[in-house]
There are 2 protein chains.
Amino acid sequence: MSSEQVNQSLKLFIVLSRAYRAVNENVNKLIQTYGLNPTEFAVMELLYHKGDQPLQQIGGKILLASGSITYVVDKLEQKGLLKRVACPKDRRVTYAQITEKGKSFIEDVFPDHAKQIDTLMSELSKNEKESAITILKKLGLSQSSFE
Amino acid sequence: MSSEQVNQSLKLFIVLSRAYRAVNENVNKLIQTYGLNPTEFAVMELLYHKGDQPLQQIGGKILLASGSITYVVDKLEQKGLLKRVACPKDRRVTYAQITEKGKSFIEDVFPDHAKQIDTLMSELSKNEKESAITILKKLGLSQSSFE
DNA sequence: TTAAATTATCTTGAATTCTAAATAAATTAT
DNA sequence: ATAATTTATTTAGAATTCAAGATAATTTAA
């Protein structure tokens, strides 16, 4: 394990962090204009694209502790964008389910949202995006090593 | 602007987010073992590698609001890892300056820290890292578009 | 079956971050 | 020179997140 190799990895970590933060900061500002915060939007996207979710699964998918899920789901329920639905088979479980209002919200907002993200990526060519996707996929699988 | 292109950008955004979070989650756990939180560590790294910083500049470099800088700098000052130093030329300005204790801390911790990050990147070949660095650099420059 | 262990959600309190306003110093314009 | 604007830091209060514990339901094992 040469020092050069370590330096390259460090540099990648820095560049990865900057790229993510730069893009994400812009996406977050965009989401604010919809009247939601990033976590709320992530939950809505998840329910819209993947269907009803047991509360617990939401935590695993968007990286949120169980106490925080209760908080975010409460807020979205107050806004009428989702509702809690009891699981008939296991009474410990509650599903979050998108409402009609929630569905309309995502359908209103998502096309432009996607276009804006495309704009944020416009510095990259098609091939560069392709390469980045292939490479970054491998990093996304990192197992947790320091628990 | 084809829909395929937008989809590719969306996919890259998702993969970028997952990669960053996977790596970052591990790095954050590592930092916790040093007794600091990620923001505190970022400030210490900045001061160690880039020298004294006016408080305001810290915000720009690690993406933190001015109110939060006061909070983090207070905590690091309490821990004796940095001190505030008045700017002689402009009395509005306060510098954060690393202390000897802070310097020792980083010097103790950094070599292993870097090695652990290298381990997290070990799924990628040298060439893949090189490509990722080149491509991600372009994204890191994204200007804020929705202020 | 009953007890023990596990799982899902919620509650509580602390930590961290943000926004907006307050304060203080410097700069600009009249 | 004085007033108005800008810049840097801090304060105060709200929002968000987490960790740990509480509650309730389910499953496992004796």
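Every heavy atom of this structure was used, including side-chain atoms; hydrogens, water molecules and symmetry mates were not. Chain letters run A, B, ... following the sequence lines, proteins first, then strands; residues in each count from 1.
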Pairing pattern in dot-bracket form [Watson-Crick, G-U; both distances under 3.5 Å; | = partner strand] for DNA chain C: ||||||||||||||||||||||||||||||
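Looking at heavy atoms from C-beta onward, A/Asn24 lies in side-chain contact with B/Phe13 at the 4.5 angstrom threshold. By the 4.5 Å heavy-atom criterion applied to side chains, B/Leu139 and B/Leu16 are counted as neighbours.
Interface residues of residues 44-57 of chain B facing DNA chain C, ordered by number: none; criterion, heavy-atom separation under 4.0 Å.
Here ring pair (Phe, Tyr, Trp, His ring centres under 6.0 Å) pairs that include residues 62-82 of chain B, with residues two or more places apart or in two chains, number zero. For the side-chain hydrogen bond (donor to acceptor under 3.5 Å, both in side chains) condition, the pairs that include at least one residue of residues 40-51 of chain B, sequence neighbours left out, are B/Glu40-B/Lys75, B/Glu40-B/Lys79, B/Tyr48-B/Glu107. Listed by first and then second residue, the side-chain hydrogen bond (donor to acceptor under 3.5 Å, both in side chains) pairs that reach into residues 58-68 of chain B are B/Gln53-B/Lys61, sequence neighbours excluded. Applying the ring pair (Phe, Tyr, Trp, His ring centres under 6.0 Å) rule to pairs touching residues 24-45 of chain A yields A/Tyr34-A/Phe41, A/Tyr34-A/His113, A/Phe41-A/His113, sequence neighbours excluded.
In this structure, A/Asp90 places its CG atom 17 Å from P of C/dT6, rounding to the nearest Å. What separates NZ of B/Lys89 from C1' of C/dA25 is a distance of 17 Å, to the nearest Å.
Scanning DNA chain D 5' to 3' for nucleotides with an atom closer than 4.0 angstrom to a non-hydrogen atom of chain A gives a first and last hit of D/dA15 to D/dT26.
Through side-chain heavy atoms spaced under 4.5 Å, either directly or across other Ile, Leu, Val, Met, Phe, Trp or Tyr residues, A/Leu63 is tied to no other residue. Residue B/Val93 shares its hydrophobic cluster (ILVMFWY side chains chained together at separations under 4.5 Å) with B/Val85, B/Tyr95.
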Where protein sits on nucleotides 12-24 of chain C, one letter per nucleotide: B base, S sugar-phosphate only, - none, heavy atoms under 4.0 Å: ---SBBBB-----
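Residues A/Met44 and A/Leu81 share a closest heavy-atom pair of CE-O, 3.4 Å. Contact record, A/Ile117 with B/Ser9: CG2-O, 4.1 Å, taken as the closest heavy-atom pair.
Applying the side-chain hydrogen bond (donor to acceptor under 3.5 Å, both in side chains) criterion to A/Arg18, with sequence neighbours excluded, gives no partner residue. With sequence neighbours left out, the salt bridge (Lys or Arg N to Asp or Glu O under 4.0 Å) criterion links A/Asp74 to A/Arg84.
Base contact: A/Thr70 has a heavy atom under 4.0 Å from a base atom.
Using a distance-only test at 3.5 Å, with no hydrogens or angles considered, no donor-acceptor pair links the side chain of A/Asp118 to the main chain of A/Ala114.
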